[in-house]
Amino acid sequence: MKFKLNLITLALLANTGFAIAADGYGLANANTEKVKMSAWSCKGCLVETGTSGTVGVGIGYNNEADIRSANAFGTSNEVAGKFDADLAFRGEKGYRASVEAYQLGMDGGRLDVNAGKPGQYNVNVNYRQIATYNSNSASTPYSGMGSNNLTLPDNWVTAGTSSQMPLLMDNLNALELSLKRERTGLGFAYQGESLWSTNVNYMREEKTGLKTASGSFLDRSMMLAEPVDYTTDTIEAGVKLKGERWFTALNYNGSIFKNEYNQLSFDSAFNPNYITAQNNTGTMALDPDNQSHTVSLIGQYNDNTNVLTGRVLAGQMSQDQALVTSGYGYQLPTEVLDAKVDLIGLNLKVVSKVTNSLRLSGSYDYSDRDNNTQVEEWTQVRLNKLTGKIEPVTESNTPYDNTSQRFKVAADYRITHGLKLDGGYDFKRDDRNYQDRETTDENTVWARLRVNSFEMWDMWVKGSYGQRDGSQYQASEWTSSETNSLLRKYNLANRDRTQVEARVTHSPIESLTIDLGARYALDDYSDTVIGLTESKDTSYDANISYMITDDILATAFYNYQTIESEQAGSSNYSTPTWTGLIEDQIDVVGAGLSYNNLLENKLRLGLDYTYSDSDSNTQVRQGITGDYGDYFAKVHNINLYAQYQASEKMALRFDYKIENYEDNDAANDIAVDGIWNVVGFGSNSHDYTAQMIMLSMSYKI
């Protein structure tokens with residue numbers, strides 16, 4: 001019998017075992033004299049070298065009037081350009097490189113470049129831009145926005161109330177409240193020839209813009225534009241040792257934050273008072289320079305039956321910037337506060353496969369925050385409500401500490417094929433000092449049943465019940481002496497929590513998928529007399545995906561959530577005299593339709609639509625019921641697009657986007673002089689319809 005020896009034959013012979021080799025049919029006995037080795041080839045094993053991928057450019061026109069629409073469109077410029085890329089390079093000797101770019105030139109643009117040799121080393125360069133726009137309709141009488149010195153006009157005339165200021169309305173300046181971040185990173189990873197590897201990553205983030213702040217003189221206040229000019233440098237480095245069943249890694253993480261401005265000075269728009277009789281200029285400290293450093297040791301062992309993972313962490317946060325003393329007329333106990341917080345953490349987890357059907361797991365987490373900041377006595381200024389005079393009061397800074405422990409055990413049991421039951425017990429203890437309650441304990445039990453044995457069905461339901469209690473609650477011990485002794489803070493109070501979740505996924509036909517989910521949670525603060533007494537959280541969602549034909553895909557989804565909170569209060573520092581009901585409701589609905597392979601498989605059309613409506617209402621009952629009125633925010637987003645494959649390598653795309661947004665936040669709808677003792681920013685509510693057109697082209701290399 002004659003046969004040709006090829007790669008498949010060699011693979012089969014290599015796995016036939018000792019029996020054949022013993023009979024003289026091993027590979028060592030094969031007659032390969034007439035085999036042409038040079039003709040051997042594996043066409044499927046060929047590795048293509050060179051560069052492949054796509055690049056694209058685009059230009060868009062934005063007719064926004066309200067800058068908030070830039071959050072959806074990705075740019076605040078009237079005309080914006082973008083660059084996209086998805087490129088890969090493969091060299092003959094195994095070198096590889098990739099470039100991924102998304103909407104470079106626009107807000108939210110990002111770039112990720114990698115180069116190296118797989119299994120040996122890799123160099124990474126990355127960049128990302130993030131922007132958040134709040135308002136461009138704010139107004140202020142101050143000049144110097146973007147600096148740390150805000151001044152009023154030279155001829156400014158002060159008054160006792162904002163409505164009496166004669167020059168206020170004629171000297172308003174427009175300002176934009178927005179924040180922009182730019183992140184630039186550089187990373188390097190190296191895989192040693194033995195068991196070790198190492199990596200180091202550096203990132204710098206620069207954050208600029210204006211955000212809302214408030215400067216005050218006793219009971220008079222001015223809304224201010226606080227300058228933001230932050231720089232944060234972050235470095236991560238580590239070394240890893242890895243064996244057949246284990247690995248361990250030593251990592252370092254450091255962060256250094258710097259603020260270009262350490263204080264903000266501002267003129268008072270009101271008449272001088274007791275404090276400002278000599279100088280009607282105020283000063284407020286801004287975010288101080290600080291740094292954080294942590295070192296962690298991580299390890300894992302896996303013997304195919306048990307997996308043990310652990311981590312030990314130690315770190316320190318510090319801040320030693322000089323204190324702001326401008327306008328402070330008292331002696332400081334120290335010019336620099338040596339603020340330090342030490343961190344210690346421990347994490348242990350074990351997962352054991354007892355049988356093919358039963359798996360057990362357990363974990364323990366420990367974290368300790370030890371505030372070692374020096375304690376000093378500081379002179380504060382307070383207004384005596386009885387005499388109406390200003391009095392100095394001495395107070396000490398409080399070094400808050402926190403220790404947290406978490407313990408979890410769980411079991412995962414497969415009853416039969418397609419039927420699984422898992423459950424567990426969670427315990428959490430928090431120890432705090434200088435708090436109304438120094439210790440809180442939370443105990444939670446949960447169980448989940450999953451069924452996927454039925455064809456085209458996947459279902460699960462989960463339930464949990466938890467209780468929180470702890471040490472004796474001592475109201476007002478470390479807080480204001482004016483606090484009602486019956487008041488309970490919701491994060492410290494006794495609480496019973498009941499929660500149920502369920503999800504069903506069904507595919508009645510191959511082209512249709514339906515996914516439904518629901519969740520209900522009840523928090524009962526049964527021991528609270530004054531404070532939050534109950535909270536209900538109900539939500540459900542539905543998702544449908546239907547491939548109508550081979551070319552038409554339709555999708556739709558709907559999410560609903562409502563949160564109802566009840567609280568009791570007292571107007572005479574005694575038993576409850578009023579109750580409040582807060583109802584928050586959120587509805588989100590969306591749909592999409594795409595039609596492919598039009599015009600001889602060259603054209604694709606699509607339409608995406610989303611609508612969200614968040615509504616909040618507060619009612620207070622004190623003899624009679626008072627309605628605070630609704631707060632709502634509604635937004636419609638539409639994206640109509642068409643993509644045309646002009647040639648084998650070039651594609652053109654057209655996008656038309658619309659956003660319709662409206663809200664009625666009462667906090668943003670106040671005139672500059674709408675509150676007698678406040679100089680505000682004016683109305684910053686939103687009600688707009690914005691449109692954007694984007695033309696883009698992509699080319700396949």
Looking at Asp422 and Arg448, is any side-chain nitrogen of the basic one under 4.0 Å from a carboxylate oxygen of the acidic one? yes
Side-chain donor-acceptor pair under 3.5 Å between Thr294 and Asn253, yes or no? no
Do Thr309 and Gln300 pair up side chain to side chain, a donor and an acceptor below 3.5 Å, judged on atom types alone? yes
Polar contact flag, side-chain donor to acceptor under 3.5 angstrom, Gln561-Asp537: yes
Neighbour count >12 (heavy atoms, 6.0 Å) for atom NZ, Lys462: yes
Can you list the steps and then say if Thr610 with Phe557 is a side-chain contact (heavy atoms from CB on, under 4.5 Å)? CA-CA 9 Å; Thr610 59; Phe557 68 88; 4.1 Å; yes
Thr208 side chain reached by Tyr230 side chain, heavy atoms, under 4.5 Å: no
Hey, what do you get for NZ (Lys258) to CG (Asp287), rounding to the nearest 0.5 Å? 16.0 Å
Check whether any side-chain N or O of Thr355 sits under 3.5 Å from a backbone N or O of Ser357 as a donor-acceptor pair, and report yes or no. yes
For Leu348 versus Gly310, what's the shortest heavy-atom pair and its separation? CD2-CA, 4.0 Å
Specify the closest pair of heavy atoms between Thr533 and Asp524, including all atoms of both residues, with the distance to one decimal. O-OD1, 3.7 Å
Distance alone, cut at 3.5 Å: any donor-acceptor contact between the side chains of Asn114 and Asn122? yes
Could you tell me whether Asp412 and Arg359 make a salt bridge, using a distance below 4.0 angstrom between a side-chain N and a carboxylate O? yes
Report the relative orientation of the aromatic rings in His293 and Tyr252; use parallel for angles under 30°, tilted for 30 to 60°, perpendicular for over 60°. parallel
Test side-chain hydrogen bond (donor to acceptor under 3.5 Å, both in side chains) on Asn617 and Glu583; report intermediate values, then the result. CA-CA 5 Å; Asn617 184 43; Glu583 182 178 5; 5.8 Å; no
Heavy-atom donor-acceptor pair, Thr513 side chain to Ser507 backbone, under 3.5 Å: no
Using a strict 4.0 Å threshold on nitrogen-to-oxygen distance, state whether Arg432 and Asp430 make a salt bridge. yes
Quick one: does NZ or CZ of Lys240 land under 6.0 Å from the six-membered ring centre of Phe247, within 45 degrees of the ring axis? yes
Taking the side chain as every heavy atom from C-beta outward, state whether Val635 and Asn637 have any atom pair closer than 4.5 Å. yes
How long is the span from the CD atom in Glu205 to the CD1 atom in Ile130, to the nearest 0.5 Å? 6.5 Å
Do Asn372 and Asp342 pair up side chain to side chain, a donor and an acceptor below 3.5 Å, judged on atom types alone? yes
For the residue pair Gln585 and Asp615, confirm or rule out a side-chain donor-acceptor distance under 3.5 Å. no
Roughly how far, to the nearest 0.5 Å, is CG of Asp584 from CD1 of Ile563? 6.0 Å
Please check: side-chain N/O of Asn668 versus main-chain N/O of Asp665, any donor-acceptor pairing under 3.5 Å? no
Would you please test Tyr202 and Glu236 for side-chain contact (heavy atoms from CB on, under 4.5 Å) and show each step? CA-CA 6 Å; Tyr202 168 78; Glu236 298 177 355; over 6 Å; no
Between Ile582 and Gln567, is there a side-chain heavy-atom distance shorter than 4.5 Å? yes
Donor-acceptor contact below 3.5 Å, side chain Thr394 vs main chain Trp378: no
I want to check something: taking the side chain as every heavy atom from C-beta on, are Asn452 and Met459 in contact at a cut-off of under 4.5 Å? no
Closest heavy-atom pair, Leu286 versus Asn259, reported as atoms and distance to 0.1 Å, is CB-ND2, 3.9 Å
Where Ile530 and Ser570 come nearest, the two heavy atoms and their spacing: CD1-CB, 3.9 Å
Say whether, by atom type as modelled, one donor and one acceptor occur between the side chain of Asn397 and the main chain of Gln374 under 3.5 angstrom. yes
How about Ser571 and Thr577: does a side-chain donor come under 3.5 Å of a side-chain acceptor? yes
Is the Trp196-Tyr190 ring centre distance short of 6.0 angstrom? yes
What do the steps show when you test Asp523 against Arg497 for salt bridge (charged side-chain N to carboxylate O under 4.0 Å, His left out), and what is the final call? CA-CA 5 Å; Asp523 288 345; Arg497 170 172 289 177; 2.7 Å; yes
Check the pair Asn306 / Tyr301 against side-chain contact (heavy atoms from CB on, under 4.5 Å), numbers first and verdict last. CA-CA 8 Å; Asn306 304 288; Tyr301 176 77; over 6 Å; no
Check the side chains of Arg181 and Gln129 for a donor-acceptor pair under 3.5 angstrom, ignoring hydrogens and angles. no
Asp436: which of Gln472, Lys489, Arg488 passes side chain to side chain donor-acceptor pair (under 3.5 Å): Lys489
Around atom OH of Tyr102, are there more than 12 heavy atoms from other residues, nucleotides or ligands closer than 6.0 Å? no
Salt-bridge test for Arg128 and Glu182: reply yes if a basic N is under 4.0 Å from a carboxylate O, no otherwise. no
Parallel under 30°, tilted from 30 to 60°, perpendicular over 60°: which one fits the rings of Tyr558 and Tyr540? tilted
If we ignore angles and hydrogens, is there a donor and acceptor under 3.5 Å between the side chains of Asn543 and Asp541? yes
Check whether any side-chain heavy atom of Lys340 lies under 4.5 Å from a side-chain heavy atom of Gln316, and answer yes or no. yes
Would you tell me whether Asp303 and Thr305 have side-chain atoms, one donor and one acceptor, within less than 3.5 Å of each other? no
Side-chain touch Gln499/Arg519, heavy atoms, less than 4.5 angstrom: yes
With a cut-off of 6.0 Å (strictly less than), are more than 12 heavy atoms of other residues, nucleotides or ligands near CD of Gln380? yes
Between Arg468 and Asp441, does any NZ, NE, NH1 or NH2 come within less than 4.0 Å of an OD or OE carboxylate oxygen? no
For the pair Arg503 and Asp458, find out whether any cationic side-chain nitrogen is under 4.0 Å from an anionic carboxylate oxygen. no
Under 4.0 Å between a side-chain nitrogen and a carboxylate oxygen: does that hold for Arg406 and Asp426? no
Check whether any side-chain heavy atom of Gln321 sits under 4.5 Å from a side-chain heavy atom of Asn262, and report yes or no. yes
If I compare all heavy atoms of Leu186 with all of Asn126, which pair ends up nearest, and what's the gap? N-ND2, 4.3 Å
Does the side chain of Asp112 come under 3.5 Å of the side chain of Asn124 through a donor N or O and an acceptor N or O? yes
What verdict does the side-chain contact (heavy atoms from CB on, under 4.5 Å) test give for Val529 and Thr575, after you've listed the backbone C-alpha separation in whole Å, the side-chain angles of each residue and the deciding distance to 0.1 Å? CA-CA 7 Å; Val529 179; Thr575 55; 5.6 Å; no
Less than 4.5 Å apart, any side-chain heavy atom of Tyr525 and any of Asp527? no
Decide whether Glu226 and Tyr261 meet the rule of one side-chain donor and one side-chain acceptor closer than 3.5 Å. no
Assess the side chains of Asn371 and Asp401: does a donor N or O sit below 3.5 Å from an acceptor N or O? no
For Ser614 and Ile586, the nearest pair of non-hydrogen atoms, with its separation, is CB-CG1, 4.2 Å
Less than 3.5 Å apart, any donor N or O on the side chain of Asn494 or Arg437 sitting next to an acceptor on the other? yes
In this structure, are over 12 heavy atoms from other groups packed under 6.0 Å from Tyr490 atom OH? no
